[in-house]
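Take a look at this one; I'll ask things after.
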Amino acid sequence: MSDYKYYLDSGIFNIQDGKFAEAIENINKSLELKNDWEIPYFYRAVAHQALENFDDAILDYTKSIQLNEKMTDAYYNRAKILLSRKDIDSPDLNRAISDLEKALELDPNFVDALYAMGAAQKKVENYHKALEYLNRAIELQPEFVHAKALQKLILTKYLKCL
């Protein structure tokens, strides 16, 4: 079979089944046939991220964005990697914030990106800005437990308001 879509679809099904190494193999075959489309890079990044191959995931999210700068989820996922990496001493928080800003520019109601931006702003000790993002997330999703918990933590521990 020499159809790039067949291999891409197989890779996506592999991801859904938790077979991430197989997904990467299939998506690589798809990219051998057609490498000017953002979608295979995005899904290969998802598989790499699941396998904790963070550098490869970042490279693929970046390639996906280069091919289509409106890849909201690629910005968000790349930022999530940067915010959560424990394998490096000082993750690039400014790049993560920049990615989240772009994701929110493309989709202002992206609740998970609002929460991630709140967490990122907390990490850079910009607590009032963190609360702004968390408040927006809670407005959009009133039962967002994690956003409420982070909001309360910032208010009680860092701003000592409660």
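Position 1 is the first residue of the sequence, and the numbers go up from there.
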>> Within the structure provided, determine whether L31 and Y7 are in side-chain contact (heavy-atom separation under 4.5 Å).
In response: no
> Is the F110 ring parallel, tilted or perpendicular to the Y76 ring (thresholds 30°, 60°)?
Replying inline: tilted
>> Could you walk me through whether I27 and N14 satisfy the side chain to side chain contact (heavy atoms under 4.5 Å, CB included) test, starting with their C-alpha distance in whole Å, then the side-chain angles of each, then the deciding distance to 0.1 Å, before giving a yes or no?
In response: CA-CA 10 Å; I27 294 169; N14 293 143; over 6 Å; no
Run the side-chain donor-acceptor check on residues 131-142: report pairs under 3.5 Å with partners two or more places apart or on a different chain.
{"residue": "N135", "atom": "OD1", "partner": "Q151", "partner atom": "NE2", "Å": "2.4"}
{"residue": "N135", "atom": "ND2", "partner": "L131", "partner atom": "O", "Å": "3.1"}
{"residue": "R136", "atom": "NH2", "partner": "P108", "partner atom": "O", "Å": "3.0"}

> Mind checking whether N35 and Y41 have side chains closer than 4.5 Å, heavy atoms only?
Replying inline: yes
>> Any non-hydrogen side-chain atom of L83 less than 4.5 Å from a side-chain atom of L100?
In response: yes
>> Please report the interatomic distance CD1(I39) to CG(N68), rounded to the nearest 0.5 Å.
In response: 7.5 Å
>> Applying ring pair (Phe, Tyr, Trp, His ring centres under 6.0 Å), can you list everything that pairs with Y75, at least two apart in sequence or on another chain?
In response: none
> Would I58 and R95 count as a side chain to side chain contact (heavy atoms under 4.5 Å, CB included) if you check the C-alpha gap in whole Å, the side-chain angles of each, and the deciding distance to 0.1 Å?
Replying inline: CA-CA 12 Å; I58 288 172; R95 182 174 176 195; 3.9 Å; yes
> Does any non-hydrogen side-chain atom of W37 lie less than 4.5 Å from one of L8?
Replying inline: yes
> Any chance CD of E69 has more than 12 other-residue heavy atoms, nucleotides or ligands included, within less than 6.0 Å?
Replying inline: no
>> Assess the residue pair K129 and M117 against the criterion (side chain to side chain contact (heavy atoms under 4.5 Å, CB included)); give the C-alpha distance rounded to whole Å, side-chain angles, the decisive distance to 0.1 Å, and a yes or no.
In response: CA-CA 9 Å; K129 194 116 177 127; M117 182 64 99; over 6 Å; no
> Can you tell me how far CD of E22 sits from CZ of F20, rounded to the nearest 0.5 angstrom?
Replying inline: 11.0 Å
>> Per the side chain to side chain donor-acceptor pair (under 3.5 Å) rule, what does the pair list look like for residues 114-125, sequence neighbours excluded?
In response: Q121-N126
>> Can you tell me if K80 has over 12 outside heavy atoms packed within less than 6.0 Å of its NZ?
In response: no
> Heavy atoms, side chains only, cut-off 4.5 Å: are L33 and D3 in contact?
Replying inline: no
> Between S98 (side chain) and N94 (backbone), is there a donor-acceptor pair under 3.5 Å?
Replying inline: no
> Listed by chain and number, what are the salt bridge (Lys or Arg N to Asp or Glu O under 4.0 Å) partners of D36, not counting sequence neighbours?
Replying inline: K34
>> Show the nearest heavy-atom pair for residues A130 and I154, with the distance to one decimal.
In response: CB-CD1, 3.7 Å
> Out of curiosity, T72 OG1 to D99 CG, how far, rounded to the nearest 0.5 Å?
Replying inline: 11.5 Å
>> For a quick test of reading the model, state the closest non-hydrogen atom pair linking A23 to A47 and the distance between them.
In response: CB-CB, 4.2 Å
> Rounded to the nearest 0.5 Å, what separation is found between the CE atom of M71 and the CZ atom of R78?
Replying inline: 11.5 Å
>> Checking L51 against I24 for the side chain to side chain contact (heavy atoms under 4.5 Å, CB included) test, could you report, in this order, the C-alpha distance in whole Å, the side-chain angles of both residues, the deciding distance, and whether it holds?
In response: CA-CA 10 Å; L51 293 172; I24 292 168; 3.7 Å; yes
> In terms of hydrophobic clusters joined by side-chain contacts under 4.5 Å, are Y158 and V124 together?
Replying inline: yes
>> With side chain to side chain donor-acceptor pair (under 3.5 Å) as the rule and sequence neighbours excluded, what pairs involving residues 42-51 come up?
In response: N28-R44, R44-D60, H48-N53, Q49-Y61
> Any chance NZ of K148 has more than 12 other-residue heavy atoms, nucleotides or ligands included, within less than 6.0 Å?
Replying inline: yes
>> Show the nearest heavy-atom pair for residues A113 and L104, with the distance to one decimal.
In response: CB-CD2, 3.8 Å
>> Quick check on the hydrophobic clustering: are Y4 and Y6 connected, directly or via other members, by side-chain heavy-atom contacts under 4.5 Å?
In response: yes
> Partners of R85 by salt bridge (Lys or Arg N to Asp or Glu O under 4.0 Å), sequence neighbours excluded?
Replying inline: D55, D87
